[in-house]
There are 2 protein chains.
Amino acid sequence: MFEPVTIKDIAKALGLSTSTVSRALRDTHEISAATKKVVLAYAKEINYQPNPIALSLKERRSKSIGVVVSEVANSYFSQAINGIESIAYDRGYHVIISQTHESYDREVINVQHLASRSVDGLLVSLSSETTDISHLTHLHERGLPIVFFDRVADAINTHKVIANNEKGAYQATDYLIKNGYKRIAHLTSSSHLSISIERLSGYEAALKDNGLAVNPQYIKHCLHGGMLYTETETAIKELMGLKEKPDAIFVAGDRLSTGCLSVFKNLKIAVPNDMAIAGFSNSDVLDLFNPSLTSVRQPAFDIGQMATEMLLQLIEAKYPVEEFEKRILETDLCVR
Amino acid sequence: MFEPVTIKDIAKALGLSTSTVSRALRDTHEISAATKKVVLAYAKEINYQPNPIALSLKERRSKSIGVVVSEVANSYFSQAINGIESIAYDRGYHVIISQTHESYDREVINVQHLASRSVDGLLVSLSSETTDISHLTHLHERGLPIVFFDRVADAINTHKVIANNEKGAYQATDYLIKNGYKRIAHLTSSSHLSISIERLSGYEAALKDNGLAVNPQYIKHCLHGGMLYTETETAIKELMGLKEKPDAIFVAGDRLSTGCLSVFKNLKIAVPNDMAIAGFSNSDVLDLFNPSLTSVRQPAFDIGQMATEMLLQLIEAKYPVEEFEKRILETDLCVR
DNA sequence: TTGAATTTCGGCAACGTTGTCGGGAACGAT
DNA sequence: ATCGTTCCCGACAACGTTGCCGAAATTCAA
């Protein structure tokens, strides 16, 4: 039904060979100016578009990169994706986005899908369920370029781009403490995620530096990073059921922040009167919340850009890259 | 660097021809059980994955569909995308998402990008800037299956899936009127978008049915659908500068709703005391806003699913489809 | 005018896969 | 013993494109 014009059609119409047409279109010096003119004119007339699939088969690369994130509805990721696209499109690469919805199974399926689909490289932020990363190590060992961002796998030796999660967490916690809160809880994602570890570390450091004890009961992990309402609700209820209820909470994620507010609203807990909140979030909409939330902003767009640049460097490298680096970008504490 | 296993490798290793291996893997009856067993075992051992690019070239289809939306950060679209993916993945199709950011130029580039990339079909929601749709008519005439959702182009005769925008707008406006508001403004996207026309129509009908006059000064269009803060701000300021200031506003979009709240916050206009708001939005986060907004919810997930099913029907049809339909799904007024 | 160099183009192969065709071997029936 | 079947499998072509090689045509130098 949908039959695109091919180089053959042009060759036949003009009485030339396909090779000649191909080279005329590529503007090789071996083709006379006259022939070039005729070919180019005719190609334009019938709106010839080279078939990228044939090219991919021949060149053994698809000029596309795969992106694996938990979900695009997350402000952090949608901003990162914009950064990714801005670089990729400039360099002539397609971006194929896939969502894990924080599920390990979907992550494996999506990664394999993308790899078999012959993407030239992968930008990955792990799902909160993921502990086994063998689906990625296999591909990485076979030479597929991978760059991690946000939620990284330290076991794989490749480029990584993250925010300064520890410092950001420290600042947010410190901000709560400086505002007089003393019983500060921490709501975070699954404990094996790199971001969880780093943010927890910053939270604990801030407490210690301010002479406060770390209360393990105040630290709550949500395995699905706030994707499930009940998960967040259970965590909050447990916190509120403690004999020494926390008076503030440091939330370690975009999705968790909104989930948290949602639970508080349903439980009729006033923010910030009954409970102060500060946390990681890149949501512009959250600013509308009244009173606004103090939040740690990550340079998501820049992280996306930087990760993409590093990935393209790996993809286009002539010799296998051996030296990898981890870039750490500073966060921004938005006090409100 | 990254050299996937091919059918040739298997053939060579097993002393068979590529045809035999191919048919053994496809489980054709012409291959003996013994040979099949050997081939399948070896293929599994070396983790053979068929090359989808070679298949695409041969089958002249890519088993992928392109999606064109304004941006994934929009709750409506991210939900619709989830619906699209749920159907597409089940049917073995890839989903390639591209964002226009409400720009006509990017829409043209993205559509051409996707078409040349040999997607088997397109799911399109027009950008707010788009008036000329020749980039789509060309492809459609040449036989590329296209299904519109949300922002449709009536000039192209194909399947369309939309929400009942007129009814939803009517209900929201009527709700404001029933709550005692009399001077109801309407903030909407660019005037040529189908959704704008339909929602404006519902708004006007509700006013008339309640014996209120339609005041043209109360109707404000934002060409970029709220993508630009200043655009929304200007519109609001003009409304607030009228001698008969509106006491309520019906907002016709996700992005506009948040933009609107943002402007009100900056202008220190209290919602809903100084100004009541009701509008189209699928944002869960907006519910956290205190006091919550009454909003018209679209069944975005269902719309995405339905549009995808219709597109796949077009793609897989044996004979060209001549009969097209426009599906209209009901909205849900969430009173808060 | 002859040989060599240059210009310009066509033929062929290949990327990975499958459809078509054809052929050899084994088997059964007459 | 002969013929027809059936069962298995390999050779070839094709999808659209480009790299490589060769060859014809043209130009240039001596």
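Note on naming: letters A, B, ... go to the chains in the order of the sequence lines (proteins, then strands), and numbering restarts at 1 for each one. Just so it is clear, the values below take in all heavy atoms, side chains as well, and ignore hydrogens, waters and symmetry mates.
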Near DNA chain C, which residues from residues 32-43 of chain A have a heavy atom under 4.0 Å away?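 Output list: A:Ser32, A:Thr35.
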
Find the distance [X]:[atom1] to [N]:[atom2] and express it as a whole number of Å.
X: B:Asp27; N: D:dC8; atom1: CG; atom2: C1'; value: 15 Å
X: B:Leu16; N: D:dA11; atom1: CG; atom2: P; value: 11 Å
X: A:Asp9; N: D:dC15; atom1: CG; atom2: C1'; value: 13 Å

Identify whether any heavy atom of B:Ile53 sits under 4.0 Å from a base atom; if not, whether one sits that close to sugar-phosphate; answer base, sugar-phosphate or nothing.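 B:Ile53: no heavy atom of the nucleic acid under 4.0 Å.
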
Under 3.5 Å, side chain of A:Glu325 to main-chain N/O of A:Lys160, donor-acceptor pair present?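 Looks like no, no N/O pair under 3.5 Å.
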
Any side-chain to backbone donor/acceptor pair from B:Thr6 onto B:Lys8? Under 3.5 Å, distance only.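 Present.
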
Determine whether the side chains of [X] and [Y] contain a donor N or O and an acceptor N or O closer than 3.5 Å.
X: B:Ser134; Y: B:Asp132; result: yes
X: A:Glu102; Y: A:Ser127; result: no
X: A:Gln99; Y: B:Asn82; result: yes
X: A:Ser32; Y: A:Thr35; result: yes

Rounded to the nearest 0.5 Å, what's the gap from OG on B:Ser98 to CG on B:Leu122? Could you check?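 Reported to 0.5 Å precision, the distance equals 8.0 Å.
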
For residues A:Tyr104 and A:His135, establish whether the separation of their ring centroids is below 6.0 Å.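 They qualify: ring centres under 6.0 Å apart.
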
Quick one: which protein N/O atoms are closer than 3.5 Å to N/O atoms of nucleotides 16-22 of chain D? Pair and distance per line, please.
| from | atom 1 | to | atom 2 | distance (Å) |
| --- | --- | --- | --- | --- |
| D:dG16 | OP1 | B:Arg60 | NH2 | 3.0 |
| D:dT17 | OP1 | A:Tyr48 | OH | 2.6 |
| D:dT17 | OP1 | A:Asn51 | N | 3.1 |
| D:dT17 | OP2 | A:Ile7 | N | 2.5 |
| D:dT18 | OP1 | A:Arg26 | NE | 2.2 |
| D:dT18 | OP1 | A:Arg26 | NH2 | 2.5 |
| D:dT18 | OP2 | A:Ser22 | OG | 2.5 |
| D:dT18 | O5' | A:Ser22 | OG | 3.4 |
| D:dT18 | O2 | A:Lys58 | NZ | 3.4 |

